[in-house]
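Heads up: the structure comes next, in structure tokens.
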Amino acid sequence: MTRSSGVELFIKREDLLHRFISGNKFRKLKYNLEHAKKLNATQLITFGGAYSNHILAVAAAGYEHYFQTIGIIRGEEIHPLNPTLDKAQNMFGMQLRYVDRSSYRNQSDKALIKMLGIAGATSYIIPEGGTNNLAIKGCTEIVADLKRLPDYLCCSCGTGGTIAGIISGINGVAATKILGFSSLKGEFLKRDVEKLLLAFNGQKYQNWDINTHFHFGGYARFKPALIDFINHFWDLHQVPLDPIYTGKMMYGIYELLKDGFFKKGQNIMAIHTGGLQGIEGFNQRHGNLIHI
Ligand SMILES: *Cc1c(COP(=O)(O)O)cnc(C)c1O
């Protein structure tokens, strides 16, 4: 960060864990895969949008761990397949099933699976975004990896499963504050994370917060300032950021720094949760905005 601020910023590069099961998705899937094996499941079924990091992660994880995979995709099939779905299907053998947006929104996971007639006795179902108790358990290990705890641990948030894992991993013992940056518009995430934590270990924690000011219009929305920031960050540091999650988090961190939110002498650890696979599809859709 800027030398004059006296604040140190570190990045934990979870994006480097795996090329296709990137960042937090690797953590979220770890114990789910173990559990699916224990149940003798042969097939993973999950849900997501057409550019979803989670869909590609499940496809790649299934391929590596000898599961068949089915991805239930929100919206119509569009040809040619975008880079995310192309890899999921043609590199990793995921079977893709498309569901219209209103059914996808209004029906439960179980009802959708029933409608498509795909569940067998040997299926293991992973929810959209991959968040469940086993995913949260996996994300606690993001913290276990750290040699020293920072003043602030920052991460980007979608469903909130990752931050729930980080919060419970720290377990209130250190003076560390956990700060999430929501990629979605709205104020619901704080309550969602509280619920996830209660379901995971029955605990309530005070040392965390969710910042909802840097969603840039909502999930998968963006503005030129975000794109400029991501490109500039790459030019300066050779650290790639994605426009859906990590770019918004990092933009938020820099804005808070400018506002004097972080104090001299404090250090920040930003978790790079991955998501870089999405850049190719993003650039195809929007015209090579990101030059990484
Ligand atoms: C899925 C994802 C997130 C959001 O994780 P949640 O556990 O749903 O909050 C954050 N960053 C990246 C890069 C992701 O792919």
Side-chain angles (χ1 to χ4, degrees), residues 11-32 46-61 84 88 126-143 153-169 178-186 188-197 199-200 208-212 214-216 218-220 222 226 230 239-253 270-282 290 292:
I11 303 179
K12 182 161 168 32
R13 296 289 303 272
E14 298 269 299
D15 58 308
L16 300 174
L17 285 174
H18 192 287
R19 191 155 162 226
F20 301 109
I21 316 171
S22 85
N24 62 342
K25 301 306 183 282
F26 188 93
R27 305 288 187 174
K28 293 174 91 168
L29 285 171
K30 178 179 170 185
Y31 291 107
N32 277 291
T46 198
F47 307 80
Y51 294 86
S52 163
N53 298 326
H54 170 68
I55 285 288
L56 184 60
V58 170
T84 301
I126 304 175
E128 176 169 23
T131 290
N132 57 19
N133 275 343
L134 291 174
I136 293 173
K137 180 182 173 189
C139 289
T140 64
E141 294 178 359
I142 297 172
V143 176
L153 247 177
C154 297
C155 75
S156 46
C157 302
T159 63
T162 302
I163 196 169
I166 292 172
I167 294 164
S168 50
I178 304 104
L179 191 55
F181 291 85
S182 179
S183 286
L184 290 78
K185 196 172 171 172
F188 52 88
L189 201 53
K190 182 128 200 212
R191 202 150 1 110
D192 285 0
V193 173
E194 281 168 3
K195 275 194 218 148
L196 289 172
L197 284 165
F200 178 66
W208 63 281
D209 203 2
I210 308 268
N211 183 303
T212 55
F214 302 104
H215 55 70
F216 288 87
Y219 185 73
F222 64 96
L226 175 66
I230 289 170
V239 175
L241 300 170
D242 82 294
I244 313 296
Y245 289 109
T246 56
K248 292 182 178 181
M249 167 194 69
M250 199 61 81
Y251 187 101
I253 291 172
I271 309 297
H272 195 313
T273 42
L276 303 174
Q277 70 82 26
I279 292 176
E280 195 185 344
F282 183 89
I290 296 175
I292 282 168

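When a ligand or atom number is given, it counts from 1 through the structure's own listing order. Side-chain atoms are counted along with the backbone in the values below, which use heavy atoms only and exclude waters and symmetry mates.
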Exercise. Could you tell me the separation between the CD1 atom of Ile290 and the CG atom of Leu226, rounded to the nearest 0.5 Å?
Key: 7.5 Å
Quiz prompt | Heteroatom distance test (Asp242, ligand 1): nitrogen or oxygen, under 3.5 angstrom | solution = no
Practice problem: Considering the heavy atoms of Gly275, write down every atom of ligand 1 situated less than 4.0 Å from one of them. | Solution: 13 (C)
Exercise. Mark up the atoms of ligand 1 that fall under 4.0 Å of a heavy atom belonging to Thr159, in ascending order.
Key: 6 (P), 7 (O), 8 (O), 9 (O)
Practice problem: Quick one: look at Asn53 and ligand 1, take heavy-atom pairs under 4.0 Å, and tell me if it's side chain, backbone, both or neither. | Solution: side chain
Practice problem: Report yes if the side chains of Trp208 and Val193 come closer than 4.5 Å at any heavy-atom pair, otherwise no. | Solution: yes
Quiz item: Is it true that the side chains of Gln277 and Asn53 contain a donor and an acceptor less than 3.5 Å apart?
Solution: yes
Exercise. Examine ligand 1 and decide if any of its atoms is less than 4.0 Å from a heavy atom belonging to Ser156.
Key: yes
Self-check item: Nearest heavy-atom neighbours spanning Asn133 and Leu196
Solution: OD1-O, 4.5 Å
Self-check item: Gly158 N/O to ligand 1 N/O under 3.5 Å
Solution: yes
Self-check item: Side chain His272, main chain Pro240, donor-acceptor under 3.5 Å
Solution: yes
Practice problem: May I ask you to identify, for Lys28, whether its side chain, its backbone, both or neither come under 4.0 Å of ligand 1 on a heavy-atom basis? | Solution: side chain
Quiz item: Does some non-hydrogen atom of Lys25 fall short of 4.0 Å from ligand 1?
Solution: yes
Self-check item: Derivation of the salt bridge (Lys or Arg N to Asp or Glu O under 4.0 Å) call for Asp209 and Lys190
Solution: CA-CA 7 Å; Asp209 203 2; Lys190 182 128 200 212; 3.4 Å; yes
Exercise. Give the residue and atom name of whichever protein heavy atom lies nearest to atom 11 (N) of ligand 1, and the separation in Å to one decimal.
Key: Thr273 OG1, 2.7 Å
Exercise. Return yes when atom CZ of Arg13 has more than 12 non-hydrogen atoms of other residues, nucleotides or ligands closer than 6.0 Å, and no otherwise.
Key: yes
Quiz item: Below 4.0 Å from any atom of ligand 1, is there a heavy atom belonging to Gly274?
Solution: yes
Quiz prompt | Minimum-distance pair of heavy atoms, taken over all atoms of Asp15 and Ser22 | solution = O-CB, 4.3 Å
Quiz prompt | Distance filter under 4.0 Å to Gly161 heavy atoms, resulting ligand 1 atoms | solution = 6 (P), 7 (O), 9 (O)
Quiz prompt | Test applied, side chain to side chain contact (heavy atoms under 4.5 Å, CB included); reference residue, Ile271; option that passes from Cys154, Cys155, Cys139 | solution = Cys155
Quiz item: Which ligand 1 atoms, with their elements, are less than 4.0 angstrom from a heavy-atom of Gly160?
Solution: 6 (P), 8 (O), 9 (O)
Quiz item: Can you tell which part of Asn24 has a heavy atom less than 4.0 Å from ligand 1: side chain, backbone, both or neither?
Solution: side chain
Quiz item: Is Tyr245 in polar range of ligand 1, meaning some N or O pair under 3.5 Å apart?
Solution: no
Quiz item: If you count the atoms of ligand 1 from 1 in the order shown, which ones are under 4.0 Å from a heavy atom of Cys157?
Solution: 9 (O)
Practice problem: Please work out whether the ring planes of Phe214 and Phe181 are parallel, tilted or perpendicular, with thresholds of 30° and 60°. | Solution: tilted
